Structures are given as structure tokens and as C-alpha cells.
Enquirer: 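Have a look at this one.
The model shown is predicted, which means the values in this text are computed figures rather than measured ones. Keep in mind that the numbers below use all heavy atoms, side chains included, and drop hydrogens, waters and symmetry copies.
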2 protein chains.
Amino acid sequence: MNSFDLSEFLPYQLAVLSQRVSDGFSTLYRSKYGLTVAEWRVVAHLSQSDKVSVREIHERVAMEKSKASRAASRLEAAGYVSKTANPNDGRLVSLALTPTGRRMMEDLVPMARAYEAELLNNLGDTAPQFLQAVASLLHDAMEAD
Amino acid sequence: MNSFDLSEFLPYQLAVLSQRVSDGFSTLYRSKYGLTVAEWRVVAHLSQSDKVSVREIHERVAMEKSKASRAASRLEAAGYVSKTANPNDGRLVSLALTPTGRRMMEDLVPMARAYEAELLNNLGDTAPQFLQAVASLLHDAMEAD
DNA sequence: TTCCGGTCGTTGCTTGTGCAATGAACGCAG
DNA sequence: CTGCGTTCATTGCACAAGCAACGACCGGAA
């Protein structure tokens with residue numbers, strides 16, 4: 001093997017980077033609204049499209065079924081989302097932001113945008129290529145799903 | 001706020017990408033040696049420099065103290081790592097790979113290299129810029145530590 | 001020597017997560 | 001209408017992780 005340098009290992013670098021980037025913003029919504037990352041993803045998705053099932057979240061937001069389900073339950077308990085039975089299909093649950101939840105997102109979304117902008121700013125003029133690379137890796141890379 | 005698209009949010013993309021990339025390889029050492037990601041990081045670091053304290057791992061490998069400590073304990077129980085008291089400083093613990101652990105790394109390191117190569121191959125000729133961007137973000141970006 | 005602030009590693013406690021199993025509800029075939 | 005395989009969401013269980021507290025240990029000062 002002969003000396004393996006973890007700090008030069010791309011999967012490791014990506015993990016550290018992603019964690020650091022994620023923490024930067026999650027600290028914010030965590031301290032302000034007590035949200036976990038999983039919960040943030042759920043409300044973020046709900047802000048875009050209401051009346052969504054757990055299943056849709058689970059596949060569109062890259063989370064385990066159970067993870068999405070529990071995040072939704074916590075959000076319901078906190079009063080940010082409502083869970084109602086789908087009248088057309090008794091198996092499905094319709095998740096939606098409550099007015100409180102919507103107000104929260106109106107506060108958080110601009111912050112998210114600002115944070116992202118700051119991030120891109122750090123990248124300088126290499127930003128476009130970086131975004132491109134990330135997107136392309138996300139699509140074909142290593143074919144997980 | 002007006003429609004926030006999580007899938008276009010860079011922190012989210014990075015998280016998904018990193019997770020997918022990490023899973024691709026962690027599945028391997030998980031099924032073969034029953035290692036968690038934290039444990040992999042510990043042995044990876046140990047393969048590079050023996051006789052290392054928990055503290056050094058905790059700061060060099062981006063893990064909580066307790067996370068490093070428990071990972072080391074599990075590795076010791078599994079027979080991959082030895083923990084001995086540092087004779088010069090009774091507070092410190094010297095971690096080192098056992099022969100078994102070393103054999104494991106001789107198996108895993110080439111696989112890690114191959115996996116990374118495949119990853120870079122997916123990036124094509126944009127790989128250098130991508131690596132550069134990741135490294136630069138890791139250094140200054142958002143200043144976590 | 002004794003005391004004291006600081007460091008190192010471990011451990012309780014609580015919480016989140018993955019995985020498998022469960023139960024309710026659907027659609028379709030007979 | 002009655003089964004029957006499938007889909008959806010939830011839950012029990014085991015385990016990892018974050019945080020704070022704790023005890024052991026160090027080095028230097030009085």
C-alpha cells in the first residue's frame with residue numbers, strides 16, 4: 001500500500017467540505033427554529049410544492065422513508081407542517097406547510113440564498129465550472145440509485 | 001421568498017454528492033470488514049502514521065473527540081488496532097494498527113485508490129479544476145475551525 | 001511538596017438514523 | 001365480491017453521534 005494520505009482522498013475531502021458547508025447554514029436554522037438537516041430538507045421541499053406525500057419526499061430529497069416520516073412527524077409536532085390523509089388514496093399522506101411554517105420559510109429562504117451566494121463568491125470565477133462538475137457528478141457519477 | 005428549489009441549492013447538492021460518493025466506497029469496507037466510516041478514517045490515518053493519540057485523530061481527521069474515541073475502541077475490540085498508554089504522558093493513548101489491521105489496510109488501500117481513480121475518470125478533463133476548487137474551498141471556505 | 005489550571009480520553013444521556021417488519025389501503029384478477 | 005400482491009407510511013430495535021460532565025494526569029507556581 002505504502003502510505004495512504006487520507007487528507008488527499010477525494011471522498012474524504014468531499015465529506016469534510018460538505019459537512020463544513022452544511023454546518024455553516026444548518027447552525028443558523030438550528031439555533032433559530034430548532035430544525036435538523038432532515039427537517040430543513042422537508043420544509044424546503046414543501047415550500048416549493050405543497051400537498052406532497054412522504055414517498056415523494058423520500059425519493060426527491062434523497063432521504064430514507066423512515067427519515068422523512070420522522071422528520072415530518074417532528075415538524076408536525078412543532079407546528080410547521082400539517083399532515084392530512086389524501087382523500088383519493090388512503091395510503092398517502094398530504095404534507096403541507098402551516099402558516100407558521102410558511103412564515104419560517106419566508107425568513108429562511110433569503111438567508112439560504114445569501115449563504116449560497118457567499119459560498120459562490122468564495123469560489124470566484126471558477127464557480128461555473130465547479131457547479132458544472134458537481135451537477136455532472138450528481139447525474140452519472142457512480143450510479144447509486 | 002418565491003419558490004425555493006432545494007435541488008439547486010449548493011449545500012444540498014454537495015451533501016448528496018458526498019454521501020453518494022462516500023457510500024460507494026464505504027459499502028465495500030463495510031461488507032468486507034464491518035467498518036463504519038469513522039472507523040475507516042481512523043485506520044486510514046493510522047496506516048500513514050503509527051503511534052497516534054486520540055486527540056491527534058480528532059483534529060486531523062475532522063471528528064469529534066468522542067467519535068474518535070469510540071471508533072478506536074470498536075477497532076480495538078475487532079482486533080485491528082492496539083491501544084497502549086504513552087509512557088511519556090499518562091494522559092495520551094498510543095493507537096497503532098495490529099498486524100491484522102495492517103493486512104486489512106493492504107487490502108483496502110488499493111481499492112480506495114482504484115475507487116478514487118474511477119471517480120476522477122468520471123470527471124474527465126475537468127478533474128484538475130474540480131480538485132483545485134475543492135481544495136481551495138476546504139482551506140478558506142466559510143472558516144469553520 | 002502541594003495546589004491548581006489545563007489537557008486528554010472516556011462515558012451518560014438524549015437524539016437521530018438504518019433496516020426490517022408491520023399494518024392499512026390500493027388495484028386487479030378471478 | 002373476494003382474495004392477493006403491491007405500495008405507503010409508521011414503528012421497534014440496535015447502533016452511531018453530539019454534548020456535557022467526569023476523572024486521570026500533566027506541568028508549573030507558591
Enquirer: Within the distance-only criterion (no hydrogens, no angle test), does the side chain of His58(B) pair as donor or acceptor with the backbone N or O of Ala68(B) below 3.5 angstrom?
Expert: no
Enquirer: How large an angle, rounded to 10°, do the end axes of the helix from dT1(C)-dA30(D) to dG30(C)-dC1(D) enclose when each is built from five base pairs?
Expert: 10°
Enquirer: Return the 5'-most residue of the pair Gly90(A), Arg55(B) with respect to DNA chain C, ranking by each residue's nearest nucleotide.
Expert: Arg55(B)
Enquirer: Output yes when at least one side-chain N/O atom of Ser69(A) is less than 4.0 Å from OP1 or OP2 of dA9(D), else no.
Expert: no
Enquirer: Atom CH2 of Trp40(B) and atom P of dA16(D): how far apart are they, to the nearest Å?
Expert: 18 Å
Enquirer: Considering only side-chain heavy atoms of Arg70(A), which listed nucleotide, dT6(D), dA9(D), dC13(D), is closest?
Expert: dC13(D)
Enquirer: If you check every side-chain atom of Arg74(B), which of dA16(D), dG18(D), dC26(D) has the closest atom?
Expert: dA16(D)
Enquirer: To the nearest angstrom, how far is Met63(B) atom CE from dA17(D) atom C1'?
Expert: 11 Å
Enquirer: Considering just the side-chain nitrogens and oxygens of Arg91(B), establish if one lies under 4.0 Å of OP1 or OP2 belonging to dC26(D).
Expert: no
Enquirer: Answer yes when Arg102(A) and Asp50(A) have at least one side-chain N-carboxylate O distance shorter than 4.0 Å, and no when they do not.
Expert: yes
Enquirer: Rounded to whole angstrom units, what separation is found between the CD1 atom of Ile57(A) and the C1' atom of dA9(D)?
Expert: 12 Å
Enquirer: From NZ of Lys65(B) over to C1' of dC22(D), roughly how many Å is that when rounded to an integer?
Expert: 10 Å
Enquirer: Mind listing the closest non-hydrogen atom pair of Met105(A) and Ala44(A) along with its distance?
Expert: CE-CA, 3.7 Å
Enquirer: Find the distance between OG1 (Thr36(B)) and CZ (Arg74(B)) and round it off to the nearest 0.5 Å.
Expert: 4.5 Å
Enquirer: In whole angstrom, what separates Glu59(A)'s CD from dT7(D)'s C1'?
Expert: 12 Å
Enquirer: Between CD of Glu76(A) and OG1 of Thr84(A), what distance do you get to the nearest 0.5 Å?
Expert: 9.5 Å
Enquirer: Is the Phe130(A) ring parallel, tilted or perpendicular to the Phe130(B) ring (thresholds 30°, 60°)?
Expert: parallel
Enquirer: On DNA chain C, nearest-nucleotide positions of Ser66(A) versus Asn86(A): which is more 5'?
Expert: Ser66(A)
Enquirer: Please name the pair of heavy atoms, one in Ser18(B) and one in Leu14(A), separated by the smallest distance, quoted to 0.1 Å.
Expert: CB-O, 3.7 Å
Enquirer: Provide, to the nearest angstrom, the distance between the CG atom belonging to Asp23(A) and the C1' atom belonging to dA17(D).
Expert: 13 Å
Enquirer: Taking the six-membered ring for Trp, are Trp40(A) and Tyr33(A) closer than 6.0 Å centroid to centroid?
Expert: no
Enquirer: Would you compute the distance between atom CD of Glu56(A) and atom CG of Leu46(A) and round it to the nearest 0.5 angstrom?
Expert: 9.5 Å
Enquirer: For Leu92(A) and dT6(D), what is the distance between atoms CG and P respectively, to the nearest whole Å?
Expert: 18 Å
Enquirer: Extract, from 5' to 3' on DNA chain C, the first and final nucleotides lying under 4.0 angstrom from some heavy atom of chain A.
Expert: dG16(C) to dC26(C)
Enquirer: When we call it a touch if two heavy atoms are under 4.0 Å apart, what does Ser53(A) touch: a base, just sugar-phosphate, or nothing?
Expert: sugar-phosphate
Enquirer: Take the protein atom NZ of Lys83(A) and the nucleotide atom C1' of dC8(D), then report the distance between them rounded to whole Å.
Expert: 12 Å
Enquirer: Are His45(A) and Arg60(A) packed together at the side-chain level, in the sense that at least one heavy-atom pair is separated by less than 4.5 angstrom?
Expert: yes
Enquirer: Applying a 4.0 Å non-hydrogen cut-off, can you work out what Lys67(A) is touching in the nucleic acid: base, sugar-phosphate, or nothing?
Expert: sugar-phosphate
Enquirer: Find which nucleotide of DNA chain D each of Asp89(A) and Ala71(B) is nearest to by heavy atoms, and output the residue with the more 5' nucleotide.
Expert: Asp89(A)
